[in-house]
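Heads up: the structure comes next, in structure tokens.
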Amino acid sequence: MSLPNEEVLQKRLTKLRVREEDLQEEFVRGSGPGGQKINKTSSTVVLRHVPSGLEVRCQRERSQVMNRYWARMELCDRLESAREEARMALQNEREKTRRQNRPRPRGLKNRILKTKKNRSGVKKNRGKVSGED
């Protein structure tokens with residue numbers, strides 16, 4: 001049985017720098033519908049990527065070989081999405097600091113100064129209450 005796009009999978013694994021030594025593979029009995037066949041055979045693949053700590057369970061097919069392939073594809077998908085999320089978080093942090101450090105617009109600055117001047121006048125007009133001591 002030939003696997004669909006096996007060379008594509010290998011390219012993805014090398015691009016993500018996933019080595020076979022980093023993977024722990026285990027075969028367990030499946031769950032769900034399927035009756036006696038699913039209860040007797042250990043065709044479900046549990047694949048762990050040790051450096052990242054990701055774990056993938058795959059029970060898509062009845063074949064153990066196909067489940068190994070699909071587990072690796074799903075692992076690649078999860079690693080890619082995790083890296084993309086980390087990249088986006090870093091980019092969002094940079095954008096946030098850039099927005100915080102940019103100078104205020106002239107109109108906003110003028111409004112702030114006008115309000116500040118008004119408040120200082122209000123405070124200046126306050127005085128000690130002269131009364132009977």
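We use all heavy atoms of the structure for the numbers below, so side chains are in, but hydrogens, waters and symmetry mates are not.
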Only pairs under 3.5 Å count here: list side-chain donor-acceptor contacts from residues 99-118, not counting sequence neighbours, and write none if there are none.
from	atom 1	to	atom 2	distance (Å)
N101	ND2	T97	O	3.2
N110	ND2	R106	O	3.4
T115	OG1	R111	O	2.9

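Atom OG of S63 and atom CZ of R68 lie 10.0 Å apart (nearest 0.5 Å). Put simply, SG on C76 and NZ on K11 are 13.5 Å apart, with the number rounded to the nearest 0.5 Å. Of the inter-residue distances, the one linking R29 atom CZ with T41 atom OG1 reads 8.0 Å to the nearest 0.5 angstrom. How far CD of E6 is from CE of M73: 11.0 Å, rounded to the nearest 0.5 Å. Remark: L23 CG to L47 CG distance equals 5.0 Å, nearest 0.5 Å. From S43, atom OG reaches atom CZ of R62 across 8.5 Å, with rounding to the nearest 0.5 Å.
Salt-bridge check for R72 with E20: passed, with a basic side-chain N closer than 4.0 Å to an acidic carboxylate O. At a threshold of 4.0 Å, the pair R78-E74 counts as salt-bridged, since one of the basic side-chain nitrogens sits closer than that to a carboxylate oxygen.
Between S42 and F27, the shortest heavy-atom contact is O-CB, 3.6 Å.
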Decide salt bridge (Lys or Arg N to Asp or Glu O under 4.0 Å) for R48 and E26; before the verdict, give the C-alpha distance in whole Å, the side-chain angles of both, and the deciding distance to 0.1 Å. CA-CA 9 Å; R48 282 184 207 89; E26 189 180 344; 3.3 Å; yes
Start with the C-alpha distance between T44 and R57, add both sets of side-chain angles, then the distance that settles side-chain contact (heavy atoms from CB on, under 4.5 Å), and finish with yes or no. CA-CA 7 Å; T44 301; R57 290 178 67 93; 4.2 Å; yes
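With sequence neighbours excluded, the residues forming a salt bridge (charged side-chain N to carboxylate O under 4.0 Å, His left out) with R19 are E21, D22, listed by chain and number. Residues satisfying the salt bridge (charged side-chain N to carboxylate O under 4.0 Å, His left out) test with R87, not counting sequence neighbours, are E84. For R12, the salt bridge (charged side-chain N to carboxylate O under 4.0 Å, His left out) test picks out D77, E80, with sequence neighbours left out. In this structure, the salt bridge (charged side-chain N to carboxylate O under 4.0 Å, His left out) partners of R98, at least two apart in sequence or on a different chain, are E95.
In this structure, L9 is a member of the same hydrophobic cluster as L16, with clusters built from ILVMFWY side-chain heavy atoms closer than 4.5 Å. V18 and L54 fall within a single hydrophobic cluster, where Ile, Leu, Val, Met, Phe, Trp and Tyr side chains are chained together by heavy-atom contacts under 4.5 Å.
Remark: the backbone N or O of V45 is not paired with any side-chain donor or acceptor of N67 at under 3.5 angstrom.
In the hydrophobic clustering, where aliphatic and aromatic side chains (Ile, Leu, Val, Met, Phe, Trp, Tyr) are joined below 4.5 Å either directly or transitively, V46 groups with V28.
Annotation: R83, atom CZ; neighbour count of heavy atoms from other residues, nucleotides and ligands within 6.0 Å is above 12.
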